[in-house]
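Note that the structure is predicted; figures quoted are calculated from it, not measured.
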Amino acid sequence: MLKGLRTFQKKSLKNDIISGIIIALVSIPISMGYAQIAGLPPQYGLYGSVLPVLLFGLFSSSPQYIFGVDAAPAALVGGTLVSAGIAFYSEEAMSFVPVITFFVGVWLLIFYLIDFGRLTRFVSSPVMGGFITGICTTIILMQTPKLMGGQSGTGEITELVPHIISEIQTDFNFYSLIISAVCIALIQLFKKVSPKVPASAVIMTAAAAAQYFTGFCTKLGINTLPGVERGLGHIVIPDFSLSNCFSGIVSGFTVALVIAAETLLAEQNFAMKNDYRIDEGSELLAFSVCNISAAFIGVCPVNGSVSRTSMNDQFGGRSQLVSLTASLVMSLILLFSTGFISCLPVPVLTSIVVCALWSGTEFSLAGKLCKSSRKEFFIFLAAFAGVLVFGTIYGVVIGVMLSFLNVILRESRPPTSFLGVIPGRNHFYDLHTYAKARPIKNVVIYRFNGNLFFANVGGFASDIENAVKEDTKYIIVDAGGIGSIDSTGAQALGMLYRKLKKRGVQLFLVEQISKVNTELRTYGLAYLIESGGIRRTITDALAAVGINRPYTLCDDYEDEQVSPDTAILQEFEWAFGDEAQHYLELYTEKILRKARAVDPHGKNAREEYSHLWDGISPISDHVLLDYLETKHTQLAEKYELTEEQIKLVIDNHRQTLVTEGYTAHDS
């Protein structure tokens, strides 16, 4: 209890209260609309914004997520009523809906007991981002007709787009569209110019006051919210008849699954964005308590709200004081100010909701993924499209399946490399990345960075067999990246060992963790250890066959000349990959532009030269020094320096590195 208030700080009190007031006001049209979609009179949406929201604020471990009557559960309940032939807003509907809500709470309690929340930990960021963006986009499409004078829609994009077109043809109001556009523009303007001003609250209050004093909505045919009777509702005992219970259990399971999946994933997304943690178990228990309480006040199932949470995030709400404030404000409105509700213009409220939803989308993540990982970009798109086209659950399922497929594909072909040595250095280097690296004569050193199992052992064996040449005598596998071996991997490793032995090539496995050695013995490969094929390091394996430093390099590489520029750049690529050239030039420019302001003969010259390298990655030191030394003539001309000045930059920094205990071999 009170978990969401643990993050409360006095400095966030103002933001929490303001955000809570705005959430309450914005919840009025949202909750009323979704209550109608669920087949209940609109005021029941407001009842669902009091007790369930209060309880969520007390039980939730999330400091900022908002609960209430929302789209997905309302649409599912409304669909159940249609299938059962129950008329909306009827006594039968008001009797049956609380039964569904009750069993939703029961199912969520079962999910809590079986630790269902752990499943969300297997959902990747691209799936989560695509899922959230899909939900936000779907709800925006649901709300779009209200911006133009129509009624909100339900369903997925295949139903929403025709509904939008139909509403434009039948209920389009030009003035509603203009007001919506102005509101959206003002909210975005305030966000950039004065982000601390609660623009939504200001605009909402101004619009309500204008309607109250001038009646402009009535004159222009702009929709306002319907009037609501005063009061907080009353206690309801659900009708637990046999037929209702059976239908409630079946329908309740689907709704509970949607609530658990949608809300937990959205909560995780906000938690990652704002650097805090949630307890999945506590959340499921909170969902359960909220829905069981909702059943006894006669409302439809309640759910986490992405739109209202986005708004809360936007206004700086950082504790569940926001939910407590929203619940209190809604109670006061229902008790004393229901007349205020009928003065609220629908397009103004809808514009506020749409802006909040848009800020909750993750299209920026999609842009980053498109540049960095096409696979994860397509996973994002699949989850996004899945939610838009098929609905919440299907979107998650599609995204999760693609995530697992991506994992399998990655594991089936993990990163590998062939290693060599750079004369004068103690380590082993990737032959592809380091231009100065050379293979050792008669030796192939192969690094495999992944668990060795049935899906990738074929590639492992092929890489090694293809690397064997006529003069190859030893294969050394750097197995430091192998965390485990399965039976298929062990069997293939044994076959490879015997095949190489017949060809006169000795196989070594080095650097692996002890668990791998245990697995080798378990799978009957103890003879690898007994024959000396297992060594602790690459150096040990080489020494075991009489190869010691300085190593003899392959003849093919003895006379090959590597240009200084290529060598320097490829050294840099280890850290910066394809952007190596960009960073090399960027860092060089930073250093030499500052060097122009240094007086080489000044009494503080030594200190000033040491500060030239501030903000430069330490991994770049020796590479940049080599680059400056190699290109000093061209760089001097480009940056209007003398060659003597560049030499001073180089010498001073080399001396600094020596003083700090670094040598060229550390680079």
Side-chain angles (χ1 to χ4, degrees), residues 411-421 426-432 437-558:
E411 287 294 315
S412 67
R413 195 57 181 161
T416 60
S417 56
F418 289 95
L419 308 181
V421 295
N426 295 323
H427 303 294
F428 296 91
Y429 298 88
D430 186 339
L431 293 172
H432 176 72
R438 297 288 181 267
I440 298 172
K441 189 173 184 179
N442 306 130
V443 179
V444 171
I445 306 174
Y446 176 66
R447 177 176 288 161
F448 189 82
N449 295 292
N451 296 328
L452 191 62
F453 69 115
F454 66 90
N456 60 29
V457 71
F460 170 85
S462 295
D463 283 351
I464 292 174
E465 290 182 49
N466 292 336
V468 175
K469 299 179 181 177
E470 290 185 8
D471 65 340
T472 302
K473 296 180 181 179
Y474 311 103
I475 300 285
I476 300 174
V477 177
D478 180 349
I482 299 178
S484 67
I485 299 180
D486 73 351
S487 58
T488 308
Q491 183 181 10
L493 185 60
M495 291 174 62
L496 179 65
Y497 174 80
R498 292 189 292 273
K499 188 183 292 187
L500 291 172
K501 190 175 181 180
K502 286 182 180 179
R503 296 175 62 178
V505 178
Q506 186 172 352
L507 176 68
F508 289 95
L509 213 62
V510 303
E511 304 280 359
Q512 69 272 17
I513 59 176
S514 59
K515 175 176 175 284
V516 171
N517 289 335
T518 301
E519 288 173 339
L520 291 175
R521 295 195 303 272
T522 302
Y523 291 124
L525 296 182
Y527 60 84
L528 287 180
I529 303 173
E530 294 163 1
S531 66
I534 303 295
R535 298 285 170 162
R536 195 172 62 83
T537 67
I538 298 173
T539 305
D540 290 343
L542 290 168
V545 294
I547 300 177
N548 298 293
R549 296 181 185 276
Y551 301 121
T552 303
L553 304 182
C554 287
D555 295 337
D556 294 349
Y557 289 83
E558 292 286 349

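Taking every heavy atom of both residues into account, S417 and D430 meet most closely at CB-OD2, 3.6 Å. Closest non-hydrogen pair, R535 versus A544, comes out as CZ-CB, 3.7 Å. In terms of heavy atoms, F508 sits closest to G532 at CE2-O, 3.3 Å. Of all heavy-atom pairs between C554 and I440, the closest is SG-O, 3.7 Å. Here the closest non-hydrogen pair linking Y429 and A437 is CB-CB, 4.0 Å.
In R536, the CZ atom is not crowded: 12 or fewer heavy atoms of neighbouring residues, nucleotides or ligands sit closer than 6.0 Å.
How far CD1 of I547 is from OG1 of T539: 11.5 Å, rounded to the nearest 0.5 Å. Rounding to the nearest 0.5 Å places OG of S412 at 7.0 Å from CG of N456. To the nearest 0.5 Å, atoms CG (L419) and CD1 (I476) are separated by 9.5 Å. The CG atom of L509 sits 6.0 Å away from atom CD1 of I482, with the distance rounded to the nearest 0.5 Å.
Using a 4.5 Å heavy-atom cutoff, the side chains of Y551 and V443 are not in contact. Contact annotation: the side chain of L507 never approaches that of K501 to less than 4.5 Å [non-hydrogen atoms, C-beta and beyond]. Side-chain contact between F428 and V421 is present, with at least one heavy-atom pair separated by less than 4.5 Å. Within the 4.5 Å cutoff, the side chain of N517 has heavy atoms near those of the I534 side chain.
Panel note: side chain N442, backbone K473; no donor-acceptor pair is recorded below 3.5 Å. For the pair T472 (side chain) and K469 (backbone), a donor-acceptor distance under 3.5 Å is present.
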Can you check side chain to side chain contact (heavy atoms under 4.5 Å, CB included) on I485 and E519, steps first, answer last?
CA-CA 7 Å; I485 299 180; E519 288 173 339; 4.0 Å; yes
Take I475 and V444 through the test side chain to side chain contact (heavy atoms under 4.5 Å, CB included) and record every step on the way to the result.
CA-CA 5 Å; I475 300 285; V444 171; 3.5 Å; yes
Might you work through the side chain to side chain contact (heavy atoms under 4.5 Å, CB included) test for V468 and R503, ending with a clear yes or no?
CA-CA 10 Å; V468 175; R503 296 175 62 178; 3.4 Å; yes
Validation: residues 491-500 side-chain donor-acceptor distances under 3.5 Å, sequence neighbours left out:
{"from": "Y497", "atom 1": "OH", "to": "S531", "atom 2": "OG", "distance (Å)": "3.2"}
{"from": "R498", "atom 1": "NH1", "to": "Y527", "atom 2": "OH", "distance (Å)": "3.0"}

Enumerate donor-acceptor pairs with a distance under 3.5 Å from any side-chain N or O in residues 445-454 to protein atoms, sequence neighbours excluded.
{"from": "Y446", "atom 1": "OH", "to": "D463", "atom 2": "OD2", "distance (Å)": "2.7"}
{"from": "R447", "atom 1": "NE", "to": "D478", "atom 2": "OD2", "distance (Å)": "3.0"}
{"from": "R447", "atom 1": "NH2", "to": "D478", "atom 2": "OD2", "distance (Å)": "3.2"}
{"from": "N449", "atom 1": "ND2", "to": "P415", "atom 2": "O", "distance (Å)": "3.3"}
{"from": "N451", "atom 1": "OD1", "to": "G483", "atom 2": "N", "distance (Å)": "3.0"}
{"from": "N451", "atom 1": "OD1", "to": "S484", "atom 2": "N", "distance (Å)": "3.2"}

